There are 2 protein chains.
Amino acid sequence: MPDNQDREPIVIPKPTLDRLKLYHRLLNEVEQKHISSEEIAQRIGTNAEQVRKDLTFLKTMGKPKVGYDVETLRQELEELFGVKKTTKVILVGAGHLGNALVNYPGFENYGIEIVAVFDKDPKKIGSFIGELSVLPMQDIGRVVKRFHVEIGIICVPKESAQEVAEILVSKGIKGIWNFAPTRLIVPNDVFVVDEDMTQSLLTLKHYLEIKKKKIQESHQNAEKS
Amino acid sequence: MPDNQDREPIVIPKPTLDRLKLYHRLLNEVEQKHISSEEIAQRIGTNAEQVRKDLTFLKTMGKPKVGYDVETLRQELEELFGVKKTTKVILVGAGHLGNALVNYPGFENYGIEIVAVFDKDPKKIGSFIGELSVLPMQDIGRVVKRFHVEIGIICVPKESAQEVAEILVSKGIKGIWNFAPTRLIVPNDVFVVDEDMTQSLLTLKHYLEIKKKKIQESHQNAEKS
DNA sequence: AGATAATTGTGAAATAAATAACGATAAAAA
DNA sequence: TTTTTATCGTTATTTATTTCACAATTATCT
Ligand SMILES: NC(=O)c1ccc[n+]([C@@H]2O[C@H](COP(=O)([O-])OP(=O)(O)OC[C@H]3O[C@@H](n4cnc5c(N)ncnc54)[C@H](O)[C@@H]3O)[C@@H](O)[C@H]2O)c1
Ligand SMILES: NC(=O)c1ccc[n+]([C@@H]2O[C@H](COP(=O)([O-])OP(=O)(O)OC[C@H]3O[C@@H](n4cnc5c(N)ncnc54)[C@H](O)[C@@H]3O)[C@@H](O)[C@H]2O)c1
């Protein structure tokens, strides 16, 4: 059995990956043929060195005096994120948020197709959200098999989220997009991305707190002098 | 003019702040009187050293052999994030997502009160979302003044987001919670928190890509041997 | 009361990430 | 052509964050 460990895993650092996503978004909006690290930096709010460093994780190279070819870079990022491959997804929880998500056309551009919506509430089952009729929970297994579903979106109250996660895992789902404000416990090979909006709310509140403190302080300083 | 620069800013590092938010969420769910760094770590998915290090940015101290007093710690975090102070908020964009947000009762626990909803679509103006009737854009100034609104939520399509941000800023808003997938350009003293769901979608897609690569690789390795 | 065990707080070491520095290169100007 | 200029890729340096290690402290056990 020969060299098995020299296969470098070329893992992209998390902060870099987050910025690469922003570059990707930017390149989709840009008209020009070339773009410099400086311009990318300006438009996403970082510095050119950072951009160049980040792009070393990619194959695409820039040209001195010209910059990066927008289309080439865009395509490499698309591949990195696999947005061209359509991934089938189911959503559990046909409530307010589930409704918004199912009706959102923007996910298509990212290769996400919601193929079914599930809920446990008998009153919701059979009703329509967009084109999709809400299905009962016991249909999950069938749909997952039939459509080779890879991802599940959890849009149920936090109290039910773990329970739903376990159902999804038991039916073979390997990626979960979790909107419930709770940490899901899942097997190692299942990947969870949390979208906890209340967490970013705390960022906003914290900022207001700091600001208030600063104002107080400057008042006190004014008094002292 | 005396020492003005020795006032240490005691800035909490961003990664720490992000974890503190998770600790806060956890402490709200916990029943027991005390909790150890080890238990916090387990339940949010990090290690005990990290937890203890993070908590050095707070005043609350633990007791050897006992852990941290849940209530004390919870309250200090509440204060750090100002969740006890109610902040008045307006929302612009009475669409699918706006609807979900206005109907979400969970924000109350974080001291956020949505006091008005605005839209530019004449067909939506006057209709109700929950208790709130949708108001025309020209009323923003009045409402902001009257209720001392500090934060604006942007729930309009990305094409309109910058325009709306500028209106909000011009009316005195100092914090923006932006759901549109675009970077807003605002004055320095205005704080923007982006909630770009399509970005976390990319995390999920990227994970699937990596996974697929790994599977391919292991197949190739199997062939070779 | 003294020994033992659990758990903290923190400084030191290791790792990761960001920034700076700069030689190399391609295009544009002279 | 040669020179100048903009911009890149990469290595070195600095800064930030995490992990490690361990003395100090408090509760529990004998
Ligand atoms: N609405 C928002 O703006 C918002 C904001 C932040 C976070 N969230 C989170 O998103 C999640 C959904 O929020 P929402 O406002 O859509 O809630 P909702 O109450 O409107 O909808 C929840 C839906 O889940 C279904 N459900 C409950 N338990 C279930 C189970 N065990 N199996 C299957 N279906 C089940 C309910 O029947 C209901 O249709 C919640 O966890 C919430 O905390 C929502
Ligand atoms: N719905 C989702 O699940 C979802 C998911 C990810 C991101 N988003 C983002 O959130 C934002 C809102 O999405 P949505 O699905 O609610 O869209 P939507 O089309 O349902 O609603 C948008 C609302 O904004 C109003 N509007 C448009 N331009 C305006 C302006 N200049 N001033 C005031 N109001 C204006 C429209 O009249 C409409 O009521 C978008 O930027 C979208 O990309 C939504």
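Small disclaimer: the values here were computed from a predicted structure and weren't measured. Naming: A, B, ... by sequence-line order, numbering from 1 per chain.
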Q: Take nucleotides 17-27 of chain D nucleotide by nucleotide from the 5' end and write B, S or -, depending on whether a protein heavy atom sits under 4.0 Å from the base, only from the sugar-phosphate, or from neither.
A: SSBBB---BBB
Q: Phosphate oxygens OP1/OP2 of D/dG9: is one of them under 4.0 Å from a side-chain N or O of A/T56?
A: no
Q: Measure the distance from CG on A/L20 to C1' on C/dA18 and round it to the nearest whole Å.
A: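 Taking CG of A/L20 and C1' of C/dA18, I get 15 Å after rounding.
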Q: To the nearest Å, how far apart are B/L17 CG and D/dA16 C1'?
A: 15 Å
Q: Whole angstrom is fine here: how far is it from CG in B/D18 over to P in D/dA16?
A: 17 Å
Q: With sequence neighbours excluded, tell me which residues meet side-chain hydrogen bond (donor to acceptor under 3.5 Å, both in side chains) with A/T203.
A: B/K21
Q: Whole Å only: how far is the CD atom of B/E38 from the C1' atom of C/dA5?
A: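 Those two atoms, CD and C1', are 15 Å apart.
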Q: Under 4.0 Å between a Lys/Arg side-chain N and an Asp/Glu carboxylate O for A/E209 and B/K85?
A: yes
Q: D/dA6 P sits how many Å from A/Y68 OH, rounded?
A: 17 Å
Q: Kindly say whether the aromatic ring centers of A/F107 and A/Y110 come within a distance under 6.0 Å.
A: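 So the answer is no for these two rings.
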Q: Expressed in angstrom and rounded to an integer, what is the separation of A/I35 atom CD1 from D/dT7 atom C1'?
A: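 A/I35 atom CD1 is separated from D/dT7 atom C1' by 14 Å.
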Q: Atom NE2 of B/H34 to atom C1' of C/dT8: distance rounded to whole Å?
A: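 After rounding, the reported distance stands at 13 Å.
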Q: Only one of B/E76, B/E108, B/E79, B/E78 passes salt bridge (charged side-chain N to carboxylate O under 4.0 Å, His left out) with B/K84; say which it is.
A: B/E78
Q: Rounding to a whole Å, what distance do you find between A/I40:CD1 and D/dC8:C1'?
A: 12 Å
Q: Determine, for A/K213 against A/E217, whether the closest basic-nitrogen to carboxylate-oxygen distance falls under 4.0 angstrom.
A: no
Q: Looking only at side-chain N and O atoms, does A/S36 come under 4.0 Å of OP1 or OP2 in D/dT7?
A: no
Q: Hey, are A/R25 and B/D196 close enough for a salt bridge, meaning a charged N less than 4.0 Å from a carboxylate O?
A: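 Yes, this pair counts.
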